[in-house]
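Keep in mind that what you see is a predicted model, and the values were worked out from it rather than measured. Throughout, a chain's letter reflects where its sequence line sits, starting with A, and its residues are numbered from 1.
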2 protein chains.
Amino acid sequence: MPRDLFIDGVPELLLLRLLARKEMYGYELVSEISKRSNNVFTFGEGCIYPILHRLVSQKQLSVRKETVSGRPRRYYKLTAKGNHRLSELESSWSNVSAGVTSFGKALGNVAS
Amino acid sequence: MPRDLFIDGVPELLLLRLLARKEMYGYELVSEISKRSNNVFTFGEGCIYPILHRLVSQKQLSVRKETVSGRPRRYYKLTAKGNHRLSELESSWSNVSAGVTSFGKALGNVAS
DNA sequence: TTGACATACCTCGGACCTCAAGGCGTTATC
DNA sequence: GATAACGCCTTGAGGTCCGAGGTATGTCAA
């Protein structure tokens, strides 16, 4: 079974959107994305954690460690660089999204 | 430089949309997609041809060979299966597109 | 106290897609 | 006769998602 199309980049975008509002930890992000999207997007930990680590190494996120009721958490939030990256992604998404839509309309396509 | 995000699956979708209207050949599709999208999408031959071949092997496209002024062309068009696949992709695209948008709105996000 | 379950972190490997680069051959143009 | 346009093609690199699995602690019921 081929993997879902149109997903490339979406995890990173949603993640940055959430972290732009307030700091959150990985496990929280995984469930929050599912919840907030009404299970339209259900990205597992194997998807989220590697992105988190990459963004940190790219200085787009900063980390803060905290232990809550015996369990260690890692809170992430956006750096200035991450904020800029979010803007890029939003703009890129708008571009693609509008492009696909207008391409359809020009063809007389009825979006099902 | 990382490759463009949000593109996964878009070539296949646009391609199927075009071929749902009339048969076209590979080289034509490459330039037509650029043209119709005002260069928002510029997929090269190395992107289009493999997709074409895959769709044929999956019986979603049928091929007709024709030689025009000495040059051989391969015209592709949708099969019933391909039409069904297009519906799936449209629905999947709508889903993701609406999901990303509403996810943003719920956060008070201003789409830049 | 044993087991199951939720929390919370993590990595690895496969599968898949895009795309730049290159190759081949023909026709048209200068 | 050289260069561009046409028209087909494949390969390799790079990047992404995601299922599967691993580690460890806390809670709660049987």
### Query
Nearest to the side chain of Ile7(B) - dC17(D), dC8(D), dT18(C)?
dT18(C)
### Message
Quick check for you: among dC18(D), dT16(D), dT18(C), whose closest atom lies nearest to any side-chain atom of Asp8(B)?
### Response
dT18(C)
### Query
Taking Ser94(A) for the side chain and Glu90(A) for the main chain, is one N or O donor matched with an acceptor at less than 3.5 Å?
yes
### Message
What is the separation between atom CD1 on Ile51(B) and atom P on dC8(D), rounded to the nearest whole Å?
### Response
15 Å
### Query
To the nearest Å, how far apart are Ile48(A) CD1 and dT11(C) P?
14 Å
### Task
Could you tell me whether Gly70(B) contacts a base, only the sugar-phosphate backbone, or nothing, with contacts defined as non-hydrogen atoms closer than 4.0 Å?
sugar-phosphate
### Task
Grab the OH-P distance between Tyr25(B) and dC9(D) for me, whole Å please.
13 Å
#### Entry: Under-4.0 Å side-chain N/O to phosphate OP1/OP2 contact, Tyr49(A) with dC10(C)
no
### Message
With nearest nucleotide decided by heavy atoms, which residue, Tyr75(B) or Phe43(A), maps closer to the 5′ end of DNA chain D?
### Response
Tyr75(B)
### Message
Can you measure Lys65(B) atom NZ to dC9(D) atom P for me and round it to whole angstrom units?
### Response
9 Å
### Task
Give a yes or no on this: more than 12 heavy atoms of other residues, nucleotides or ligands lie within 6.0 Å of atom NE2 of His84(B).
no
### Task
Using atom OH of Tyr76(A) as one end and atom C1' of dC10(C) as the other, report the distance to the nearest whole Å.
10 Å
### Message
So Leu29(B) and Phe43(B), do their side chains get closer than 4.5 Å, heavy atoms only?
### Response
no
### Side chain Glu45(B) and base dC8(D) donor-acceptor under 3.5 Å
yes
#### Entry: Of Val68(A) and Pro50(A), the one whose closest DNA chain C nucleotide lies more 5'
Val68(A)
### Message
Walk me through whether Thr79(A) and Leu61(A) qualify under side-chain contact (heavy atoms from CB on, under 4.5 Å).
### Response
CA-CA 5 Å; Thr79(A) 63; Leu61(A) 296 182; 5.6 Å; no
### Task
Assign Gly46(B) to base, sugar-phosphate, or nothing according to its heavy-atom contacts below 4.0 angstrom with the strands shown.
base
### Query
Which whole-number value in Å describes the distance from Glu66(A) CD to dC9(C) P?
11 Å
### Query
How bent is the helix from dT1(C)-dA30(D) to dC30(C)-dG1(D), comparing axes over its five end pairs at each side, to the nearest 10°?
10°
### Tyr27(A) OH - dG26(D) C1' separation (whole Å)
12 Å
### Query
With no hydrogens and no angle check, is any side-chain donor or acceptor of Ser102(B) less than 3.5 Å from a backbone partner on Ala98(B)?
yes
### Message
Looking at Arg21(A) and Leu107(B), would you say the former's side chain and the latter's main chain have a donor-acceptor pair under 3.5 Å?
### Response
yes
#### Entry: Backbone N/O of Asn39(A) and side chain of Ser34(A): donor-acceptor pair under 3.5 Å
no
### Message
From NE2 of His53(A) over to P of dC9(C), roughly how many Å is that when rounded to an integer?
### Response
9 Å
### Message
Both Ser69(A) and Glu12(A) contact DNA chain D. Taking the nearest nucleotide for each, which residue is further toward the 5' end?
### Response
Glu12(A)
### Task
Classify the nucleic acid contact of Arg71(B) as base, sugar-phosphate or nothing, counting any heavy atom under 4.0 Å across all strands shown.
base
### Query
Charged N to carboxylate O under 4.0 angstrom, Glu12(B) versus Arg54(B)?
yes
